[in-house]
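Down below is the structure, laid out as structure tokens.
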Amino acid sequence: MKRVAWILIVCCMVLGNAVAALGAQGGLLLSAREGSDESGEELSLYAQSAVLMDGDSGRVLYGKEAKTIRPMASTTKIMTCILALEYGDMEDTVEASREAAAQPAVHLGVRAGEKYRLGDLLYALMLESYNDAAVMIAEHIGGDVKGFAERMNDKARSLGCEDTYFITPNGLDAKEEDEAGRERIHSTTAEDLARIMCYCIRRSPKREEFLEITGTQNYYFTDEEGKRSFSCYNHNALLSSMEGMLSGKTGFTGGAGYSYVGAIESRGRTFVIALLGCGWPPHKTYKWEDARKLFSYGKETYELRQVAFAGEYPSLPVLGGLYWEEGEDGRRIEVYGNTPEGAAGFTLLLGEDERVMRRVILPECLSAPVSEGQEVGRVEYLLDGEVLLRYPLLAAQEVEKMTFMRGLSHLWEMFWSLCPSVKS
């Protein structure tokens, strides 16, 4: 009996050394391809840069020089508006400064010292694109134009818009040296601009107010004393001519040319477009032709499809664990997916030939100890090589670690269980 006990102890020591030697975990990549393809279709557009984006996921569906940095004129004002809504109050009183009163046309024509309601100024900003209203808003929210521009840039970075640089709240052409001493111009990319619009209409806590303002056709207001009155008309021509139009903002400067950013909803789908450098005078209508073409392309090409979460995953071997009670089967543990909010899947805008690839990433084995619910891998869903969504894979069981003392203790228990005569 002593001989049997010593053999078991030696086995435990050998197993411990094996665990130490196999401490590094290799990676096993399991993938189930559902297909992937690109349409490759080219659209004939006037714009120098253009983007069609899924307004819900932020995926670029079509791009033309989408990451090229260009000035963006008054499309800037969607950022000015959303920051004012998030940091201000519609009932705030805003006083016009000399700098605001000196802004060039297009302007409201405010006079220094006049007072206006912030909510009214936001309608003037987004419907008529008044430059003096933008400066009044910036000074009220940021203390001055420079302080507000810093907030604009901070917000852009938080949205992942690394190629955007704001100098003015109204989009007038401007340049300056940044903190690193580099000369920068007031600029963005079509992709960044579309991403900012996606935030304004879908993710901002003030999205409803933003949609209410930018979806209004006409608006009337006065200064706080009631001495001057103003009527505003929305210059987003698609608002009244295209079904499902949610929001939009035009822009023009000599440096930027005509620009436009807009959003539309159709059968549960949300499309956002951005156009930069879309012609110069007299070609004011080019942006509307491009916008209709992009929106039509999106509606005709992309449909919402359900992508299901699979529920079966391979079990994993565990090295260096205790298996006294479970036998040989106990050397593997089951794995389950911690899907987002326990959902069965997700919906995505996909073209007819586009397919989503599912990739399961797990190690070849695990080393004890393993806790129940411990993250051991992940699942990724990819389209054209880009990860759309990922969620973790978790261990379904706990496995204790084998140690010399834990093994010796168990062997002692086994010894006494096999020797009833000794116990008596």
If we count only N and O atoms by modelled type, under 3.5 Å, do the side chains of [X] and [Y] hold a donor and an acceptor together?
X	Y	result
T93	E224	yes
Y219	D120	yes
S129	K249	yes
E176	Y165	yes
S74	K77	yes
R70	S49	yes
S97	E139	yes
T164	D192	yes

For Y381, is the NZ or CZ atom of R359 found under 6.0 angstrom from the centre of its six-membered ring and inside 45 degrees of the ring axis?
no

Geometric cation-pi criterion K287 and Y260, 6.0 Å radius, 45° cone
no

Below 4.0 angstrom, N of the basic side chain to O of the carboxylate: do [X] and [Y] qualify?
X	Y	result
K206	E86	no
R117	E91	yes
D56	R202	yes

For salt bridge (charged side-chain N to carboxylate O under 4.0 Å, His left out), just list the numbers for D154 and R157, CA-CA rounded to whole Å, side-chain angles, deciding distance to a tenth of an Å, and then say yes or no.
CA-CA 5 Å; D154 287 343; R157 284 190 291 269; 2.5 Å; yes

Centroid separation Y286 to Y258 less than 6.0 Å
no

Centroid-centroid under 6.0 Å between F271 and Y302 rings:
no

Would you say the side-chain atoms of [X] pair up with the backbone N or O of [Y], donor to acceptor, closer than 3.5 Å?
X	Y	result
D173	G255	yes
E128	Y233	yes
T253	A256	yes
R269	S266	yes
R355	E352	yes
T168	G171	yes
S187	I185	yes
D54	R59	no
K64	L45	yes
T216	E212	yes

K293 and E289: salt bridge (charged side-chain N to carboxylate O under 4.0 Å, His left out), yes or no, with the steps?
CA-CA 6 Å; K293 188 174 292 187; E289 294 182 45; over 6 Å; no

Please walk me through it: do H186 and T76 pass side chain to side chain donor-acceptor pair (under 3.5 Å)?
CA-CA 9 Å; H186 185 88; T76 294; 2.8 Å; yes

Decide yes or no for F230 and Y116: does some side-chain heavy atom of the first lie under 4.5 Å from some side-chain heavy atom of the second?
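Yes - at least one pair of side-chain heavy atoms lies under 4.5 Å apart.
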
Could you check if a side-chain atom of P317 sits within less than 4.5 angstrom of a side-chain atom of R332, using non-hydrogen atoms only?
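The answer is yes; the side chains approach within 4.5 Å.
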
List the steps and the verdict of side chain to side chain donor-acceptor pair (under 3.5 Å) for T222 and R228.
CA-CA 5 Å; T222 68; R228 303 180 66 195; over 6 Å; no

Quick one: do E380 and R378 satisfy salt bridge (charged side-chain N to carboxylate O under 4.0 Å, His left out)? Show the steps, please.
CA-CA 7 Å; E380 295 179 342; R378 67 183 184 274; 2.8 Å; yes

Run Q306 and T347 through side chain to side chain donor-acceptor pair (under 3.5 Å) and show every step you take.
CA-CA 4 Å; Q306 183 78 17; T347 56; 5.3 Å; no

In short, V60 meets M53 closest at the heavy-atom pair CG2-CE, 3.9 Å

Dump the intermediate steps for salt bridge (charged side-chain N to carboxylate O under 4.0 Å, His left out) on E114 and K227, then the final yes or no.
CA-CA 10 Å; E114 288 181 340; K227 294 181 178 179; over 6 Å; no

Quick one, D92 with H140, criterion side chain to side chain donor-acceptor pair (under 3.5 Å). Give me CA distance, side-chain angles, the key distance, then yes/no.
CA-CA 9 Å; D92 286 351; H140 178 71; 3.1 Å; yes

Classify the ring geometry of Y297 against Y62: parallel below 30°, tilted from 30° to 60°, perpendicular beyond 60°.
perpendicular

